[in-house]
Student: 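Let me give you the structure first, and then I'll get to my questions.
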Amino acid sequence: MLARELWRGDAARVRQALARRASDAPLEELIETDTRWRRVQAELEEAKAERNRGSKEVGKLLGAGRREEGEALRAQMAALGERIKGLEGEASALSARVAELELAIPNLPHESVPDGVDERSSRLERRWGEPPTFPFEARPHWDIGPELGIVDFERASTLAGARFAVLWGSGAALERALVAYMLDLHRRAGYREVYVPFLVKGACLVGTGQLPKFGEDLFKVEGTELYLVPTAEVPVTNLHRGEVLEEATLPRRYCAYTPCFRAEAGSYGRDVRGLIRQHQFDKVELVHLATPETSYAELEVLVAQAESVLQGLSLPYRVVTLAAGDMGFAAAKTYDVEVWLPGQGCYREISSCSNCEEFQARRADLRYRPAGGGKPRYLHTLNGSGLAVGRTLVAILENYQRADGSVDVPEALRPYLGGLERLLPEG
RNA sequence: GGAGAGGUGCUGGAGUGGUCGAACAGGGCUGCCUGCUAAGCAGUUGUACCGGGUUGACCGGUACCGGGGGUUCGAAUCCCCCCCUCUCCGCCA
């Protein structure tokens with residue numbers, strides 16, 4: 001949510017920023033409705049002030065035994081009450097509409113974000129590692145996994161339909177090892193691990209920006225008001241909803257493992273094979289809460305932390321800055337970390353690290369009290385994957401594959417797998 | 001799931017139709033006093049929104065006593081619905 005002063009005071013600037021996003025947000029309707037609301041609100045409050053004065057007077061007159069005058073004024077106030085009721089209805093309808101429209105305006109892109117509306121306009125920041133060369137044709141993970149007997153799409157389909165996977169044996173263990181490895185790495189870097197609910201109220205999703213606009217991407221549990229989390233960003237960012245944190249406790253850096261559930265509406269044709277796009281996947285998430293002064297420095301810390309996971313696994317990757325029109329709803333600036341996938345001969349997103357500035361903080365009411373005292377201010381929220389576990393598994397299968405179909409286990413993971421050095425056909 | 005109790009400001013805790021944004025106490029802040037600390041004395045101390053303005057000094061107004069609706073000239077106070085917390089019972093990993 002944007003600060004109201006922003007579009008009330010400088011609509012042109014907001015209009016221009018939204019144009020960079022190629023956004024169809026209802027800014028003009030918002031401004032117009034807001035103007036009408038304020039007009040009615042002023043009228044309403046004036047009427048109420050009059051009634052408050054009159055009602056006090058009624059009490060006095062009746063108390064003083066001046067019955068006739070009191071009754072006359074009472075009747076007058078009753079009439080005024082009717083008018084107030086009408087204005088109230090009008091004002092609350094307009095105010096509700098303003099709130100609704102406000103929630104439909106995305107965050108404004110940071111000045112350092114490149115122009116453009118899709119990934120072709122992303123700006124390459126850096127590359128790390130060399131894509132491996134193979135003396136054979138590199139194969140995709142959807143062949144490698146099933147042949148080793150550790151990834152099973154057929155049985156997943158029997159259980160739940162398309163876009164699910166069953167992991168067997170060392171595949172399941174590898175998934176678990178990755179989660180543990182990532183969390184340990186983050187904890188050593190000073191992140192506080194947190195375990196959170198996998199079901200959340202709608203208010204949390206409004207807080208982070210998934211609702212009200214993107215409900216079709218979510219799974220809602222029938223008969224309840226709860227949603228399956230699409231990312232740990234939602235419960236973790238909402239942890240301090242309604243709180244005022246002391247500046248001395250910032251920045252806060254949290255990490256959390258959760259499964260993530262996404263309906264993937266509107267992505268029917270895309271990534272239909274393999275583990276890349278699933279209704280359910282594991283992810284370790286990083287969330288920072290920071291002051292406005294430090295949030296962009298924190299974004300660099302965050303993306304570096306995500307990168308350290310890939311470095312630890314010796315997986316080649318690159319970092320790009322997303323274009324203004326390619327970012328998520330809540331983000332002001334986003335770095336994508338893309339891992340090299342030999343089976344597909346391209347870099348694929350494995351982490352997305354964003355600074356949402358105060359956009360989510362306003363929605364979720366996350367504030368801090370400045371060190372010198374004074375009024376609470378909205379803090380800045382950041383989040384990033386560290387990393388998407390399923391896609392990391394994909395990257396390992398494809399980058400560590402061998403001619404005979406076996407797959408080496410990255411050194412860093414061996415302690416988590418009882419020293420296992422290589423994945424061989426099993427089952 | 002069943003029964004009971006309760007939700008008031010930073011905290012404890014009064015208030016059962018008007019003079020209550022809310023007694024009193026604690027805490028915080030300011031000043032006095034003080035060699036320092038403690039104690040004491042005096043004052044002060046919420047948030048959001050709307051309007052005005054020397055545009056975040058200030059002035060006026062409205063709202064807020066768990067949330068929503070109702071009764072009334074007027075609601076923290078009366079009525080209805082909902083949520084949450086606590087205690088006991090049941091069930092359960």
Side-chain angles (χ1 to χ4, degrees), chain A residues 1-11 13 30-103 195-207 221 223-227 238-249 291-293 358 361-379:
Chain A
M1 199 157 68
L2 304 178
R4 289 187 173 174
E5 305 87 77
L6 219 52
W7 45 266
R8 276 182 188 163
D10 196 353
R13 195 183 127 208
L30 172 61
I31 291 171
E32 187 205 332
T33 310
D34 177 63
T35 304
R36 284 170 56 203
W37 169 66
R38 284 195 284 171
R39 211 161 45 222
V40 173
Q41 183 69 13
E43 200 180 332
L44 169 66
E45 289 184 1
E46 201 180 317
K48 281 186 168 180
E50 192 185 336
R51 182 178 65 181
N52 286 346
R53 284 191 300 269
S55 290
K56 245 176 223 178
E57 193 61 24
V58 168
K60 274 186 202 160
L61 290 171
L62 294 180
R66 294 159 71 179
R67 179 162 226 89
E68 240 172 71
E69 287 169 83
E71 290 299 336
L73 190 55
R74 178 198 290 205
Q76 210 176 312
M77 289 305 110
L80 185 57
E82 289 307 306
R83 175 150 168 268
I84 286 171
K85 211 172 264 185
L87 286 169
E88 254 170 357
E90 211 178 319
S92 74
L94 285 167
S95 157
R97 182 64 185 148
V98 167
E100 194 181 324
L101 289 164
E102 242 180 339
L103 289 177
Y195 176 88
V196 292
F198 301 160
L199 295 168
V200 293
K201 298 176 185 175
C204 291
L205 291 148
V206 173
V221 180
T224 74
E225 286 307 309
L226 296 172
Y227 296 81
N238 278 282
L239 276 173
H240 297 294
R241 156 181 294 280
E243 293 183 34
V244 179
L245 306 175
E246 292 301 327
E247 180 171 354
T249 68
T291 62
E293 289 74 21
E358 61 174 46
R362 283 182 175 278
R363 292 173 163 242
D365 190 21
L366 304 169
R367 295 178 296 167
Y368 74 97
R369 191 172 303 281
K375 292 201 174 196
R377 301 169 66 197
Y378 288 112
L379 47 77

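We name chains A, B, ... by the order of the sequence lines, and we start the count at 1 in each one. These numbers were taken from a predicted model, which means no experiment stands behind them.
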Student: Expressed in whole Å, how much space separates the C1' atoms belonging to B:C79 and B:U71?
Tutor: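 It comes out at 7 Å once rounded to the nearest Å.
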
Student: How do A:Trp37 and A:Arg377 order along RNA chain B: which one's closest nucleotide is nearer the 5' end?
Tutor: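 The residue closer to the strand's 5' end, by nearest nucleotide, is A:Trp37.
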
Student: Treating a pair as Watson-Crick (purine N1 to pyrimidine N3 plus N6-O4 or O6-N4) or G-U wobble (N1-O2 and O6-N3) with both distances under 3.5 Å, list the stems of 3 or more consecutive pairs that involve RNA chain B.
Tutor: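 Result, WC/G-U stems under 3.5 Å: B:1-7 with B:83-89, B:10-12 with B:24-26, B:27-32 with B:40-45, B:46-52 with B:58-64, B:66-70 with B:78-82.
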
Student: Which residues in residues 87-102 of chain A have at least one heavy atom lying under 4.0 Å from any atom of RNA chain B?
Tutor: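 Result for residues 87-102 of chain A: none.
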
Student: Considering residues at least two apart in sequence or located in another chain, which fulfil the side chain to side chain donor-acceptor pair (under 3.5 Å) criterion with A:Arg362?
Tutor: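 Here the qualifying residues are A:Glu358.
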
Student: Roughly how many Å apart are B:U8 and B:G2, using the P atom of each and rounding to a whole number?
Tutor: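 It works out to 26 Å between them.
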
Student: What does nucleotides 62-82 of chain B look like as a protein-contact string, B for base, S for sugar-phosphate only, - for none, at under 4.0 angstrom between heavy atoms?
Tutor: SS-------S-BS--------

Student: Take A:Arg4 and A:Glu102 through the test side chain to side chain contact (heavy atoms under 4.5 Å, CB included) and record every step on the way to the result.
Tutor: CA-CA 9 Å; A:Arg4 289 187 173 174; A:Glu102 242 180 339; 2.9 Å; yes

Student: Suppose you measure atom P in B:A38 against the same atom in B:U19; what distance do you get, rounded to whole Å?
Tutor: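 It works out to 40 Å between them.
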
Student: What residues, two or more places apart in sequence or in another chain, satisfy side chain to side chain donor-acceptor pair (under 3.5 Å) together with A:Glu69?
Tutor: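 A:Glu69 satisfies side chain to side chain donor-acceptor pair (under 3.5 Å) with A:Arg66 once adjacent residues are dropped.
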
Student: By salt bridge (Lys or Arg N to Asp or Glu O under 4.0 Å), which residues pair with A:Glu100, not counting sequence neighbours?
Tutor: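 A:Glu100 satisfies salt bridge (Lys or Arg N to Asp or Glu O under 4.0 Å) with A:Arg97 only.
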
Student: Apply salt bridge (Lys or Arg N to Asp or Glu O under 4.0 Å) to A:Arg39 and list each qualifying residue two or more places apart in sequence or on a separate chain.
Tutor: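 In terms of salt bridge (Lys or Arg N to Asp or Glu O under 4.0 Å), with neighbours along the sequence ignored, A:Arg39 is linked to no residue.
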
Student: Base, sugar-phosphate, or nothing for A:Lys60, non-hydrogen atoms under 4.0 angstrom?
Tutor: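 Result for A:Lys60 = nothing.
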
Student: Given atom CD of A:Glu5 and atom P of B:G51, what is their separation to the nearest angstrom?
Tutor: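 Whole-Å distance recorded here is 12 Å.
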
Student: Tell me, with the steps shown, if A:Leu103 and A:Arg363 meet side chain to side chain contact (heavy atoms under 4.5 Å, CB included).
Tutor: CA-CA 8 Å; A:Leu103 289 177; A:Arg363 292 173 163 242; 3.7 Å; yes

Student: Nearest whole angstrom, please: distance from the P of B:G52 to the CZ of A:Arg39.
Tutor: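 The answer, rounded to whole Å, is 13 Å.
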
Student: Report the residues that fulfil salt bridge (Lys or Arg N to Asp or Glu O under 4.0 Å) with A:Glu71, sequence neighbours left out, ordered by chain and then residue number.
Tutor: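 Salt bridge (Lys or Arg N to Asp or Glu O under 4.0 Å) list for A:Glu71, sorted by chain: A:Arg74.
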
Student: With sequence neighbours left out, which residue pairs that include part of residues 84-95 of chain A fulfil the salt bridge (charged side-chain N to carboxylate O under 4.0 Å, His left out) condition?
Tutor: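 Applying salt bridge (charged side-chain N to carboxylate O under 4.0 Å, His left out) to every pair that reaches into residues 84-95 of chain A, excluding sequence neighbours, yields A:Lys48-A:Glu88.
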
Student: Side chain to side chain donor-acceptor pair (under 3.5 Å) with A:Glu247: which residues, sequence neighbours excluded?
Tutor: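 With neighbours one apart ignored, the set is empty.
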
Student: So what does A:Arg8 hit on the nucleic acid, given a heavy-atom distance under 4.0 Å: a base, only sugar-phosphate, or nothing?
Tutor: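 Contact class for A:Arg8: sugar-phosphate only.
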
Student: Roughly how far apart, to the nearest Å, are B:C24 and B:A5 at atom C1'?
Tutor: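 Here B:C24 and B:A5 have their C1' atoms 25 Å from each other.
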
Student: Between B:G67 and B:A76, how far is it from one P atom to the other, in whole Å?
Tutor: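 The same atom, P, in both gives a distance of 12 Å.
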
Student: Sticking with atom C1', work out how far B:A75 lies from B:G21, rounded to a whole angstrom.
Tutor: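 It comes out at 14 Å once rounded to the nearest Å.
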
Student: Between B:A14 and B:G26, how many Å separate the two C1' atoms, rounded to a whole number?
Tutor: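 15 Å, rounded to whole Å.
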
Student: As a quick check of understanding, evaluate side chain to side chain contact (heavy atoms under 4.5 Å, CB included) for A:Leu199 and A:Val221, giving each step before the final call.
Tutor: CA-CA 9 Å; A:Leu199 295 168; A:Val221 180; 3.6 Å; yes

Student: Under the side chain to side chain donor-acceptor pair (under 3.5 Å) test, which residues partner A:Ser55, sequence neighbours left out?
Tutor: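 For A:Ser55 there are no side chain to side chain donor-acceptor pair (under 3.5 Å) partners, ignoring immediate neighbours.
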
Student: Going by salt bridge (Lys or Arg N to Asp or Glu O under 4.0 Å), name the residues that satisfy it together with A:Arg13, two or more places apart in sequence or in a different chain.
Tutor: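 None.
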
Student: On a whole-Å scale, what distance lies between the P atoms belonging to B:U77 and B:G69?
Tutor: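 Looking at atom P only, B:U77 and B:G69 are 14 Å apart.
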
